[in-house]
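All remarks here apply to the structure that follows.
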Amino acid sequence: MSNRYILAIESSCDETSVAVLKNKTELLTNIIASQVDSHKRFGGVVPEVASRHHVEVITTCINDALVEAGIVASDLSAVAVTYGPGLVGALLVGMAAAKAFAWANGLPLIPVNHMAGHLMAANQTAELTYPLMALLVSGGHTELVYVPKAGDYRIIGETRDDAVGEAYDKVGRVMGLTYPAGKEIDVLAHKGQDVYNFPRAMMKENHLDFSFSGLKSAFINLNHNAQQKGEKLALEDLCASFQASVLDVLISKTKRALSQYPVKQLVVAGGVAANQGLRERLATDITDVEVVIPPLRLCGDNAGMIALAADVEYEQGNFADLSLNAKPSLVFESMVLG
Ligand code: KG4
Ligand code: ZN
C-alpha cells in the first residue's frame with residue numbers, strides 16, 4: 001500500500017503554520033512561524049498586521065515543510081486548509097496558498113474547521129475512541145463538544161460572552177502583563193492563594209453554557225477600587241483567585257456534561273489546555289473517564305492539528321472545490337439535549 005501524505009496549512013490567527021502528516025498519525029514536520037512579537041505592543045492581534053505577516057512567510061513555510069518532511073509535491077495525497085473560524089484576512093492568505101498549491105499539483109483540497117483541529121491534536125497523545133466528549137478552550141472559543149463518531153462534532157455548551165483565553169488576556173492586560181498572558185497568569189497563580197473569591201458564573205445552573213464576562217468585570221472592579229484607595233494587591237493572589245474561578249467553572253460544567261453523555265474519553269484541547277492548573281484539576285477531579293490532552297507543542301495553533309483533522313475528512317471523502325470561501329464564524333452544529 002502506498003503512503004498517504006497530507007500537507008496542511010493553518011493561518012487563522014497569528015501563527016503561519018504548515019505541516020505534513022504521513023499515514024494518519026505520523027507528523028513529519030510542523031513548521032510554526034509565530035507573529036506574536038509583532039502583536040505584543042498592541043496588547044492583542046491586529047488583523048491587518050496578521051494578514052501581512054502570513055503573506056510574507058507562507059510560501060517559505062510550504063517549501064520548508066516539504067524539505068523537512070523529505071518529500072516532493074507529487075508524493076502528496078491532498079492539501080488541507082483551515083477555512084474558519086478565525087480572522088477573515090488571515091484565513092484568506094492560507095486558503096489562497098492552499099488552493100493555488102492544490103491546483104498547481106492536481107491535488108484534492110480538504111477544508112478543515114480550526115476547532116476540529118484543536119480537538120484532533122489529542123490523537124497524538126492517545127488513540128481516540130468514540131463517542132467522546134471534548135472541552136475546547138482557546139483564545140476565541142470555550143465549548144463542550146460531543147463527538148458521537150469521527151468527524152461529527154456537536155456543540156452541547158459554549159460561552160455566552162468571552163472565551164476563557166480572552167478572559168486571561170484581558171485580566172493580564174489589567175495587571176500590566178504581556179500579551180498573551182495565559183501562561184504567566186498560570187505560573188503566578190501557583191504562587192498565590194484564592195483570597196478574592198471571584199464569582200463562579202452559571203456554575204449551579206443545569207445547562208452546559210459558560211460566561212466569563214462577569215468574572216472579568218469583578219476582576220477589573222477590584223483592581224480599580226484598590227487603585228483609587230492607593231492599595232497594592234498581590235499579583236500572585238489576583239492570579240490564583242482568577243484561575244480558581246475559571247477552573248471551578250470549567251471542571252463543574254465538564255462533569256455535568258460527562259454525567260449527561262456517557263463516554264470513555266474526555267479530550268481537553270486548545271491554547272488554554274496548556275494551563276498547568278487545569279491539567280492538575282483534571283487529574284484530581286475527572287476520574288471516571290480517560291482524559292486526553294494534546295502534547296504542549298500541539299495545544300497552541302499549528303497546522304499539525306489541521307492535518308490530523310483533515311485525515312478524518314479524507315477518509316470520509318469530504319473535499320472542496322476551488323470556490324471554497326473563508327468562514328470567519330464557522331461553527332459546529334449544535335445539539336440540544338433531548
Ligand atoms: O488556541 P490558541 O493558540 O489560539 C486560538 O485559537 O485562540 O489559544 C490562545 C490562547 C490565548 O488566549 C492564551 O493566553 C491562552 O491560549 N493560553 C493560556 C495558556 N497558554 C496559552 N491560557 C491559560 N494558561 C496557559 N498556560
Ligand atoms: Zn486556535
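The figures here come from the full heavy-atom set of this structure, side chains too, leaving out hydrogens, waters and symmetry mates. Both ligands and their constituent atoms are indexed starting at 1 by order of listing. Worth saying up front: this structure is predicted, and the values here are computed from it rather than measured.
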Between Ile31 and Ala65 the two heavy atoms that sit nearest each other are CD1-N, 3.3 Å
Do you reckon Ile110 sits in the same ILVMFWY cluster as Leu66, going by side-chain contacts under 4.5 Å, direct or chained?
-> no
Glu15 to ligand 1, any heavy atom closer than 4.0 Å = no
Examine all N, O or S atoms of His141, backbone included, and report whether one is under 2.8 Å from the Zn ion (ligand 2).
-> no
SB check Arg52 Glu48 (cutoff 4.0 Å) = no
What are the atoms of ligand 1, with element, lying closer than 4.0 Å to any heavy atom of Pro180?
-> 13 (C), 14 (O)
Atom nearest to the Zn ion (ligand 2) - Asp301, N, O or S atoms considered = OD1
Tell me, please, if His114 has any N/O/S atom, main chain or side chain, under 2.8 Å from the Zn ion (ligand 2)?
-> yes
Compare Asp186, Leu278, Asn275, Asp169 and give the one whose heavy atom is closest to atom 12 (O) of ligand 1.
-> Asp169
Ignoring hydrogens and angles, state whether a donor on the side chain of Ser213 or Asp162 is under 3.5 Å from an acceptor on the partner side chain.
-> no
Any side-chain donor paired with an acceptor under 3.5 Å for Asp301 and His114?
-> yes
For ligand 1, indicate whether the residue Gln276 contacts it via side chain, backbone, both or neither (heavy-atom separation under 4.0 Å).
-> neither
